[in-house]
Amino acid sequence: MQQTLILLKPDAVQRRLVGAITGRLEAKGLRLVALKLVATPHELAEAHYAVHKGKPFYDSLLTFLTSGPTVAMVWEGREAVAACRNLMGTTDGAKAAPGTVRGDFALSVQNNLVHGSDSPENAATEIALWFTPAELTKSTPTDANWVG
Ligand code: IDP
Ligand code: MG
């Protein structure tokens with residue numbers, strides 16, 4: 001079953017939107033595999049956003065991601081990567097579609113509340129950055145036959 005890394009960035013925690021955002025992922029039918037609140041070390045933020053190194057917003061982005069606790073989660077389900085990206089909405093909160101997390105709760109480009117892996121390959125890399133194998137639980141949800 002496909003897995004994805006979801007981060008509720010420091011703005012989501014500060015704005016007390018952790019429950020609202022997590023509730024949407026649960027309601028979708030995804031299974032929660034791992035969850036922790038992290039005071040993100042600078043090196044972890046650098047590794048997580050390595051693909052953006054050199055971009056004008058890179059330094060600001062690292063400052064943002066290390067500015068307060070982040071909720072790190074792994075979610076699993078059919079097409080979990082695409083399903084989460086669709087629930088998140090496009091990067092710029094001002095332009096994200098209503099009904100998405102960013103469309104409903106974000107106005108900023110940088111402070112857009114949530115990170116979601118953009119491919120199964122990147123999900124595997126990112127999950128390994130944020131979690132040890134022992135932190136990833138295995139279980140079969142009781143509603144598996146209904147959610148698919
Ligand atoms: P994504 O989170 O929708 O995948 P990416 O392009 O991968 O978007 O960018 C990673 C993060 O960097 C964004 O979620 C946002 O926080 C920040 N970011 C992206 N583009 C900009 C920008 O032009 N200005 C400021 N921050 C940006
Ligand atoms: Mg991205």
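Hydrogens, waters and symmetry mates play no part in the numbers below; they use all other heavy atoms, side chains included. Atoms within a ligand are numbered from 1 in the order they appear, just like the ligands themselves.
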Trainee: Per the side-chain contact (heavy atoms from CB on, under 4.5 Å) rule, which among Leu30, Ile21, Ile127, Leu25 passes with Met73?
Mentor: Leu25

Trainee: Hey, does the Lys NZ or Arg CZ of Lys9 hover above the aromatic six-ring of Phe64, less than 6.0 Å from the centre and inside 45° of the axis?
Mentor: no

Trainee: Testing the 3.5 Å rule here: is there a donor-acceptor pair between the side chains of Ser139 and Arg31?
Mentor: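 Indeed, the side chains of Ser139 and Arg31 share at least one donor-acceptor pair under 3.5 Å.
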
Trainee: Compute the minimum heavy-atom distance from Leu61 to ligand 1 and say whether it is under 4.0 Å.
Mentor: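 It does, in that a heavy atom of Leu61 comes within the 4.0 Å cut-off of ligand 1.
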
Trainee: If we only count N/O pairs under 3.5 Å, is Lys9 in contact with ligand 1?
Mentor: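 Looking only at distances, the answer is yes, because the N/O contact criterion of under 3.5 Å is met.
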
Trainee: Might you point out which heavy atoms bring Asp118 and Asn122 nearest each other, and give the distance in Å?
Mentor: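 Result for this residue pair: OD1-ND2, 2.7 Å.
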
Trainee: Which atoms form the tightest heavy-atom contact between Thr4 and Ala80, and what is the distance?
Mentor: CG2-O, 3.9 Å

Trainee: Would Tyr49 count as a contact residue for ligand 1, given that I'm defining contact as a non-hydrogen atom of the residue lying under 4.0 Å from a ligand atom?
Mentor: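 The answer is yes, since Tyr49 has a heavy atom less than 4.0 Å from ligand 1.
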
Trainee: Classify the ring geometry of Phe57 against His52: parallel below 30°, tilted from 30° to 60°, perpendicular beyond 60°.
Mentor: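 Judged by the thresholds at 30° and 60°, the geometry between Phe57 and His52 is tilted.
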
Trainee: Atom 26 (N) of ligand 1: which of His48, His115, Gln110 has the nearest heavy atom?
Mentor: Gln110

Trainee: Does His52, backbone or side chain, put an N or O under 3.5 Å from an N or O of ligand 1?
Mentor: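 Yes; the residue has a nitrogen or oxygen that sits under 3.5 Å from a nitrogen or oxygen of the ligand.
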
Trainee: Could you check which of Arg102, Met88, Lys55 puts a non-hydrogen atom nearest to atom 2 (O) of ligand 1?
Mentor: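 It is Arg102 that holds the nearest heavy atom.
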
Trainee: Would the distance check show the side chain of Arg102 and the main-chain N or O of Leu113 forming a donor-acceptor pair, the cut-off being under 3.5 Å?
Mentor: no

Trainee: Please check: side-chain N/O of Asn86 versus main-chain N/O of Ala83, any donor-acceptor pairing under 3.5 Å?
Mentor: no

Trainee: Which residue and non-hydrogen atom of the protein lie closest to atom 23 (O) of ligand 1, and at what distance in Å?
Mentor: Phe57 CD2, 3.7 Å

Trainee: Does ligand 1 have any atom sitting under 4.0 Å from a heavy atom of Arg85?
Mentor: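 It does, in that a heavy atom of Arg85 comes within the 4.0 Å cut-off of ligand 1.
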
Trainee: Is it the side chain, the backbone, both or neither of Val109 that has a heavy atom closer than 4.0 Å to ligand 1?
Mentor: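 Both of them.
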
Trainee: Using a plain distance cutoff, I'd like to know if Thr91 has any nitrogen or oxygen under 3.5 Å from a nitrogen or oxygen of ligand 1.
Mentor: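 Indeed, backbone or side chain, Thr91 has an N or O that close.
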
Trainee: Going by the order shown, which atoms of ligand 1 are within less than 4.0 Å of some heavy atom of Asn112?
Mentor: 13 (C), 14 (O), 15 (C), 16 (O)

